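The structure appears below as structure tokens.
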Amino acid sequence: MGFKFPIPPGYRENPVWTGNGFRIGSENVPVLHYTVCDAGWTSYLTEFHEAEADQGNHYIDRASRLHACNELEKNLSADRVVLEIGSSSGYLLRDIKKAFPGVFIIGSDCIPEPLGKIAKHHPDIPLIQFDLVNCPLPDNCVDVIVALNVLEHIEDDSAALRQIHRILKPGGHAIIEVPANPDLYDFYDEQLKHFRRYALDELSQTAKNAGFAVQCASHLGFFVYPAFRFMKLRNKQKMKQTEVETQNSVKHLIQLGGPVMNEVLYFLMKMELNLGRVIRYSRGIRCLITLKKEK
């Protein structure tokens, strides 16, 4: 795949993907570094979430990745370029690589540490570091973009969506997931550096304002939403905890129910996603939206 990566700061030549890292002139590098922005995420949070969410095995994370792969299957053909924004620990990159071996996958994040770790486990996937609002990629260069739980970490999410629209090829798709319901913002969101939670209709309008057509809009976690809402409203009463108390509370919430309940809930999520092929859910834990850049 002859994808042309921009010249990183400090270099004079375009990087060339070799299949196992990049070559820039006579230098070999595992990750390309462009602009940095860690205002809404840190390497500590990547490690914290990975440790507490059982190495990506948490039911809602698995369901999110399954939904993304389902959407890719509907909107992707071979020899296409897929960019994941916010690759974090690399679990979705792994899943896409396995499910769609014919596509050219690019992983990315706004901070360098997670990408360095991904490069060690997946040296055959090109990885780039950049701030989405100041995206260095050229216009019309990517067929599909996947951004799971990214926009809530960006203060100017409208600018981020405009950049996604800019770098997508005409006819390309963006598969996006964000936390749902602004009224449920609590210490958990605060600890994870969320600027906001979303109402699906408002997210859809923001996407339309960025130039997109909304192809599909729904929610994930419909069946568990009543219990989730009760828990989040109760959490709002604890917003004045100390930092240590907040971290311990977040750990408890992520691990709630243990491994057996985690498998039960994942089974429920899979059933929900299967039904979601023919119906749309009016509420849930997360908003799901698939966007199209019209030709």
Side-chain angles (χ1 to χ4, degrees), residues 1-47 50 79-94 96-97 103-151 153-170 172 174-176 193 210 293:
M1 175 66 65
F3 187 88
K4 187 174 181 180
F5 292 92
I7 300 174
Y11 293 91
R12 295 183 178 180
E13 300 178 49
N14 281 98
V16 177
W17 174 246
T18 67
N20 188 9
F22 296 93
R23 185 177 66 253
I24 311 178
S26 59
E27 184 179 352
N28 294 315
V29 297
V31 179
L32 298 180
H33 299 282
Y34 296 99
T35 52
V36 182
C37 178
D38 61 357
W41 194 250
T42 66
S43 58
Y44 165 77
L45 286 175
T46 300
E47 295 172 0
E50 182 177 354
D79 300 323
R80 294 294 188 262
V81 178
V82 176
L83 169 67
E84 186 195 9
I85 298 174
S87 296
S88 190
S89 299
Y91 299 125
L92 180 58
L93 289 174
R94 174 201 62 194
I96 295 174
K97 185 78 173 179
V103 306
F104 186 70
I105 309 166
I106 304 170
S108 71
D109 213 299
C110 64
I111 54 176
E113 292 85 357
L115 295 174
K117 292 182 179 180
I118 295 173
K120 293 179 181 178
H121 293 97
H122 302 285
D124 56 340
I125 297 177
L127 302 169
I128 58 178
Q129 176 209 338
F130 65 89
D131 169 21
L132 179 55
V133 175
N134 297 291
C135 179
L137 296 178
D139 296 354
N140 309 318
C141 66
V142 179
D143 295 286
V144 180
I145 290 174
V146 184
L148 306 185
N149 302 297
V150 170
L151 291 181
H153 296 281
I154 300 174
E155 187 169 10
D156 191 349
D157 56 346
S158 295
L161 280 167
R162 289 194 297 271
Q163 288 286 357
I164 290 174
H165 186 272
R166 179 184 65 79
I167 65 176
L168 273 174
K169 296 177 182 178
I175 301 164
I176 291 173
K193 290 182 172 289
K293 179 176 179 177

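For the single chain, residues carry numbers from 1 onward in sequence order. Here the structure is a predicted model, which means the values were calculated and not measured.
Contact annotation: the side chain of Val133 never approaches that of Glu155 to less than 4.5 Å [non-hydrogen atoms, C-beta and beyond]. With contacts defined as side-chain heavy-atom distances shorter than 4.5 Å, the pair Pro138/Lys4 does not qualify. In this structure the side chain of Leu93 never reaches within 4.5 angstrom of the side chain of Tyr91, judged on heavy atoms.
With Ser108 contributing its side chain and Gln129 its backbone, the two residues share no donor-acceptor pair below 3.5 Å. Counting only distance, with no hydrogens or angles, the side chain of Asp131 and the backbone of Cys110 share no donor-acceptor pair below 3.5 Å. When atom types are taken as modelled, the side chain of Lys293 and the backbone of His165 share a donor-acceptor pair closer than 3.5 angstrom. A side-chain donor-acceptor contact under 3.5 Å links Asp109 to the backbone of Ser88.
The two atoms that bring Ala119 and Val31 nearest to each other are CB-CG2, 4.2 Å, heavy atoms only. In terms of heavy atoms, Asp157 sits closest to Leu151 at CB-O, 4.0 Å. Across every non-hydrogen atom of Gly107 and Ser87, the tightest pair is CA-OG, 3.4 Å.
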Which atom pairs, donor and acceptor, lie under 3.5 Å between side-chain atoms of residues 120-127 and protein residues at least two apart or in another chain?
from: His121; atom 1: ND1; to: Lys117; atom 2: O; distance (Å): 3.0

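Taking CD1 from Ile85 and CG from Leu137, the interatomic distance works out to 8.5 Å, rounded to the nearest 0.5 Å.
Tested against Phe5, the residues Tyr11, Phe22, Trp17 include a single ring pair (Phe, Tyr, Trp, His ring centres under 6.0 Å) partner, Phe22.
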